[in-house]
Amino acid sequence: SEKDCDLSEFGKSQAAELKGEWDIIVCSVMKRTRQTLKLSQLKGDRVFYTDLCREVKRDICDFLEDENEKEKETDQQLTERVENFKRWMRFMFYKKGENPWTREPRILVITHADFVFELNGRTKYLENAEMMQIDI
């Protein structure tokens, strides 16, 4: 396996089937999530990339090229990162009195199953290309 690996051929075919329109798309900086967005039919008025929702650093493919794969992320570090992600989302898109939408914005986060598992309180593990709604 390699660092920051590409989507598999199956993953590419799954990505091509994804469609929908969103006010905001937030995407992990990892190569496979960026490929998912590029290959999909997902449309967003604004797109943001962040390492806050990147894959959990456990396996070699979960590390960016310039990262030391021996520095694995602990459960505590992951929990802290998830909380930072939630704070970042609230700050970026729900600033009091500065919400430009007349309704709740439709936000799609393209991320990784292990990150979502922690984000949703460890209640459901998602499959590739599966979507779920999470309140932050």
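The structure presented is a predicted model; accordingly, all values stated were derived computationally and were not measured. Scope of the values below: all heavy atoms of this structure, side chains included, with no hydrogens, waters or symmetry mates. One is the number of the first residue; the rest follow in order along the sequence.
- A heavy-atom distance below 4.5 Å is found between the side chains of Val26 and Phe85.
- Looking at Arg106, its side chain does come within 3.5 Å of a backbone N or O of Glu21 through a donor-acceptor pair.
- Put simply, the side chain of Asp4 gets close to the backbone of Lys31: a donor and an acceptor are under 3.5 Å apart.
- Counted by atom type alone, Ser28 and Glu55 present zero donor-acceptor pairs between their side chains at under 3.5 Å.
- Side-chain heavy-atom separations under 4.5 angstrom define the hydrophobic clusters, and the remaining members of the one that includes Leu7 are Leu39.
- More than 12 heavy atoms of other residues, nucleotides or ligands lie within 6.0 Å of CD in Gln77, so this atom counts as buried by the packing criterion.
- When only modelled atom types and interatomic distance are considered, Arg81 and Asn84 share no side-chain donor-acceptor pair under 3.5 Å.
- Side-chain contact between Phe117 and Leu78: absent, with no pair of heavy atoms (C-beta onward) separated by less than 4.5 Å.
- In this structure, Trp88 and Thr50 have side chains that are in contact, with non-hydrogen atoms separated by less than 4.5 Å.
- Of the possible polar contacts, none joining the Lys57 side chain to the Glu69 backbone as a donor-acceptor pair under 3.5 Å is found.
- Side chain of Gln41 to main chain of Ala16: a donor-acceptor pair is present (N/O by atom type, distance under 3.5 Å, no hydrogens or angles).
- The CG atom of Asp45 sits 12.5 Å away from the CH2 atom of Trp22 when rounded to the nearest 0.5 Å.
- Residues Val56 and Asp62 fail the side-chain proximity criterion, which asks for heavy atoms closer than 4.5 Å.
- Inspection of the Thr79 and Gln76 side chains reveals no N or O donor paired with an N or O acceptor under 3.5 Å.
- Smallest separation of non-hydrogen atoms from Asp114 and Arg58: OD2-NH1, 4.0 Å.
- Contact check on Lys72 versus Glu67 returns no salt bridge, with no Lys/Arg side-chain nitrogen under 4.0 Å from an Asp/Glu carboxylate oxygen.
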